Amino acid sequence: MRMVLVGAFVLSLWGSVGCSKSDEAAQVPAGGELKVEANEKGFTPSAIAVKKGATSHLVFTRTSEQTCATEVVFPDLGINKELPLNKPVSIDIPADQDKTLTFACGMNMYKGQVVVK
Ligand SMILES: [Cu+2]
């Protein structure tokens, strides 16, 4: 049941991100979860806003072989995780205080930003 709710929420996010608001950050509620796709275009969404409160989760899935985003690095969190093809990898985002975290592929080519507020 919970997965269904999260799925519907993520779908509604994709909808709003996919339209004309591509410069607007994808919103994650406190303790929530957001799917991030890694493919030949980089990370989508790459601008993410996390509500301060409980730890949130970003679930990265690499969906293409034609990308160098075979890992995701969060330098501020000391996290460096492999992204196996089509295998979701969950990253905990501590959201106890205001902060801006960056993430990138292993070569620091594709980048993204998580703003906790
Ligand atoms: Cu790269």
Side-chain angles (χ1 to χ4, degrees):
M1 184 57 184
R2 182 174 170 270
M3 288 307 292
V4 172
L5 286 174
V6 169
F9 172 72
V10 169
L11 277 180
S12 68
L13 269 182
W14 279 121
S16 61
V17 168
C19 287
S20 54
K21 299 176 176 174
S22 54
D23 52 338
E24 228 169 70
Q27 307 290 319
V28 186
E33 184 179 290
L34 178 71
K35 287 181 183 168
V36 180
E37 185 175 342
N39 58 25
E40 62 279 351
K41 288 181 240 156
F43 297 106
T44 309
S46 58
I48 299 166
V50 171
K51 196 86 184 152
K52 188 163 62 171
T55 298
S56 294
H57 311 277
L58 298 182
V59 181
F60 287 81
T61 306
R62 176 164 67 91
T63 57
S64 171
E65 288 284 14
Q66 314 298 322
T67 179
C68 81
T70 53
E71 58 187 330
V72 62
V73 182
F74 281 78
D76 314 280
L77 301 175
I79 288 174
N80 185 337
K81 284 212 177 174
E82 297 272 328
L83 297 178
L85 188 63
N86 294 322
K87 206 169 169 212
V89 174
S90 181
I91 308 265
D92 289 358
I93 304 296
D96 50 321
Q97 55 185 347
D98 289 9
K99 67 186 124 192
T100 298
L101 305 170
T102 56
F103 61 92
C105 66
M107 290 165 51
N108 207 27
M109 231 173 69
Y110 297 135
K111 293 175 193 180
Q113 194 179 59
V114 181
V115 176
V116 179
K117 212 159 88 171

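Numbering of ligands and ligand atoms starts at 1, following listing order. None of these values were measured; they are calculated from a predicted model. Residues: numbered from 1 along the sequence shown.
The cluster map of Ile, Leu, Val, Met, Phe, Trp and Tyr, joined by side-chain heavy atoms under 4.5 Å apart, puts Leu77 and Val114 in the same cluster.
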Could you give the side-chain donor-acceptor pairs of residues 61-70 under 3.5 Å, partners two or more places apart or in another chain?
residue: Arg62; atom: NE; partner: Leu83; partner atom: O; Å: 2.7
residue: Arg62; atom: NH1; partner: Ser64; partner atom: O; Å: 3.0
residue: Arg62; atom: NH2; partner: Leu83; partner atom: O; Å: 3.2
residue: Thr63; atom: OG1; partner: Glu37; partner atom: OE2; Å: 2.6
residue: Ser64; atom: OG; partner: Glu40; partner atom: OE1; Å: 3.0
residue: Ser64; atom: OG; partner: Gln66; partner atom: N; Å: 2.8
residue: Thr67; atom: OG1; partner: Asn39; partner atom: O; Å: 2.9
residue: Thr67; atom: OG1; partner: Ala69; partner atom: N; Å: 3.0

Would you mind writing out the side-chain donor-acceptor pairs for residues 87-96 within the sub-3.5 Å range, not counting sequence neighbours?
residue: Asp92; atom: OD1; partner: His57; partner atom: ND1; Å: 2.9
residue: Asp96; atom: OD1; partner: Lys99; partner atom: NZ; Å: 3.4

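To the nearest 0.5 Å, atom CZ of residue Phe74 and atom OG1 of residue Thr102 are 8.5 Å apart.
Distances under 2.8 Å from the Cu ion (ligand 1) pick out the protein N/O/S atoms Cys68 SG, Cys105 SG.
Every side chain to side chain contact (heavy atoms under 4.5 Å, CB included) that Ala30 has, sequence neighbours left out, goes to Lys51.
More than 12 heavy atoms of other residues, nucleotides or ligands sit less than 6.0 Å from atom CE of Met109.
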